[in-house]
Amino acid sequence: MIALRALDRKPWIWSFLATIIVWLVTVLFTGGASSIGLSQAALTFAAFSVIVGIGQMFVITLGPGNIDLSVPSTMTLAGTVALKLMNVEDGMIVPGLLVSMLIGLGVGIGNYALIKLLRIPPIIATLSMSFIIQSTAIWSNRGLRIKPPEQLADFTTSGFLGIPNIALVALLLSVLAWVLLERTIYGRWISAIGQSMFAARMAGIPVDGTRLVTYVLCATLASICGYLLASFSGGAALNMGAEYLLMSIAVVIIGGTAVAGGDSNVPGIWGASLFMFLVVSMLNTYGFGAGPRLVLTGLIIIAVILVAGGRPAGGR
């Protein structure tokens, strides 16, 4: 009983336990021959979900109603523009990254401008912004599929000591996110705003500035993810970010971040991202199509919300 209570105070542990179970089932079904390849693939593809999930986690921590639906289109625009700017030249890798981050900066400011100035709910504001961003991506892409610079493509598709470089980048960003949440005043501010925006204002917290920074942070991480995903995939496609709309939200909720806001969870995003990839791999192994996978994803999210509803907040 004591052990179960300890687990309940660390909700992110559940996502890792589920990940281990699904990994074992998948490996046993394949006879164990693909365990290393499956693990490397899980780390690689989960890393993209981790990067966008971290940004979405910051926004959701701000409290009920806060969510960013412009993540997929931001990824697409950033990846498309960055590849066009780099034009397969290794010397343009850093400028390409900087431009993608500037796109994230602009999207984040635009999102919060709609929320603040027009006083419309974040879900509507970011959805409206996503149409504008996607249209811009279509205009800038014009059906072209430009390849990434060779050095960047090699970096995103290779690894260090058996660990994919993409996973190492996601790990670095996760550590930075954890430091922001646990060791800075910004982390205390967004937690306070998520628990009670009115109380946060009364306490003198710059609510509007903090929310603006949070939406900018989310969009910037989505841009970085788009930059890396386009390079990893060998080019930017107009639908490359589509699956991350649901995924960026799912990994946050499954990872133990409070849906009501005020309580975030960085380690849980890793467990949830690995879990979601392995579930898809397992369903593919058993011959299930996209429809059953999406249904199962929805059921998993509902189950997690129901379980979390009876769990006291505050566990990280």
Quiz prompt | Side-chain donor/acceptor of Ser191 to backbone N/O of Arg188, under 3.5 Å | solution = no
Quiz item: Any sub-3.5 Å donor-acceptor pair from Gln56's side-chain atoms to Ala250's backbone N or O?
Solution: no
Self-check item: Closest contact, heavy atoms only, Ile133 versus Ser70
Solution: CD1-CB, 4.1 Å
Exercise. Locate the shortest heavy-atom distance separating Ile54 from Ala177; write the atom from each residue and the value.
Key: CG2-CB, 3.6 Å
Self-check item: Within 6.0 angstrom of Glu150 CD, more than 12 heavy atoms from elsewhere
Solution: no
Quiz item: Do Met92 and Leu98 belong to the same hydrophobic cluster, where Ile, Leu, Val, Met, Phe, Trp and Tyr are linked whenever their side-chain heavy atoms lie under 4.5 Å apart, directly or via other members?
Solution: no
Quiz item: Does Val216 belong to the same Ile/Leu/Val/Met/Phe/Trp/Tyr cluster as Ile185, with side-chain heavy atoms less than 4.5 Å apart forming each link?
Solution: yes
Self-check item: CD1-OG1 distance between Ile249 and Thr257, expressed to the nearest 0.5 angstrom
Solution: 12.5 Å
Practice problem: Decide yes or no for Arg201 and Asp208: does some side-chain heavy atom of the first lie under 4.5 Å from some side-chain heavy atom of the second? | Solution: yes
Quiz prompt | Check: Phe277 ring centre within less than 6.0 Å of Phe48 ring centre | solution = no
Exercise. I would like to know whether Ile93 and Tyr227 meet side-chain contact (heavy atoms from CB on, under 4.5 Å); could you show each step before the answer?
Key: CA-CA 10 Å; Ile93 292 176; Tyr227 170 86; 3.2 Å; yes
Practice problem: First locate atom OG1 of Thr220, then atom CD1 of Ile51, and finally report the distance between them rounded to the nearest 0.5 Å. | Solution: 13.0 Å
Quiz item: If you measure from CD1 on Ile254 to OG on Ser273, what distance do you get to the nearest 0.5 Å?
Solution: 9.0 Å
Quiz item: Are any of the side-chain heavy atoms of Met101 and Leu97 separated by less than 4.5 Å?
Solution: yes
Exercise. Treating Ile, Leu, Val, Met, Phe, Trp and Tyr as nodes and any side-chain heavy-atom pair under 4.5 angstrom as an edge, say whether Val266 and Leu168 lie in one connected cluster.
Key: no
Exercise. Looking only at non-hydrogen atoms, find the nearest pair between Ala153 and Thr157 and report the distance.
Key: O-OG1, 2.7 Å
Quiz item: With a 4.5 Å heavy-atom cut-off, do Met75 and Ser248 have their side chains touching?
Solution: no
Quiz item: Between Ile60 and Val252, which heavy-atom pair has the shortest distance, and what is it?
Solution: CD1-CG1, 3.7 Å
Quiz item: Can you check whether Leu212 reaches Lys116 side chain to side chain, under 4.5 Å on heavy atoms?
Solution: no
Practice problem: Mind running side-chain contact (heavy atoms from CB on, under 4.5 Å) on Val251 and Met57 for me, showing each step along the way? | Solution: CA-CA 9 Å; Val251 297; Met57 176 197 68; over 6 Å; no
Quiz item: Can you tell me how far CG of Leu180 sits from CD1 of Ile190, rounded to the nearest 0.5 angstrom?
Solution: 8.0 Å
Quiz item: Are the side chain of Asp68 and the backbone of Tyr215 linked by a donor-acceptor contact shorter than 3.5 Å?
Solution: no
Practice problem: For Ala137 and Thr76, work out which heavy atoms get closest and say how close. | Solution: CB-CG2, 3.9 Å
Exercise. Supply the atom-to-atom distance Gln40 CD to Ile166 CD1, rounded to the nearest 0.5 angstrom.
Key: 13.5 Å
Quiz item: In the single-linkage hydrophobic clustering (I, L, V, M, F, W, Y; side-chain heavy atoms under 4.5 Å), do Ile224 and Leu171 co-cluster?
Solution: yes
Practice problem: Enter the distance from Thr156:OG1 to Asn165:CG here, rounded to the nearest 0.5 Å. | Solution: 8.5 Å
Quiz item: So, does Ser233 use its side chain to make a donor-acceptor pair with the main chain of Ala230 at under 3.5 Å?
Solution: no
Quiz prompt | Non-hydrogen side-chain atoms of Val52 and Met247 separated by less than 4.5 Å | solution = no
Quiz prompt | Cluster link Leu62 to Leu118, ILVMFWY, side chain under 4.5 Å | solution = yes
Quiz item: How would you list, by chain and number, every residue that makes a ring-ring contact (aromatic ring centres under 6.0 Å, His included) with Phe155, sequence neighbours excluded?
Solution: none
Quiz prompt | Side-chain touch Ser231/Leu228, heavy atoms, less than 4.5 angstrom | solution = no
Quiz prompt | Smallest separation among heavy atoms of Cys218 and Val59, with atom names | solution = CB-CG2, 3.6 Å
Quiz item: Within a reach of under 6.0 Å around CD1 of Ile123, are more than 12 heavy atoms found that belong to other residues, nucleotides or ligands?
Solution: no
Self-check item: Qualifying residues under ring-ring contact (aromatic ring centres under 6.0 Å, His included), relative to Phe58, sequence neighbours excluded
Solution: none
Quiz prompt | With Thr214 via side chain to side chain donor-acceptor pair (under 3.5 Å) - residues at least two apart | solution = Tyr186
Self-check item: Close side-chain approach of Ser174 and Val50, heavy atoms under 4.5 Å
Solution: yes
Quiz item: Are Asn265 and Ile269 close enough that some pair of their side-chain heavy atoms sits under 4.5 Å apart?
Solution: no
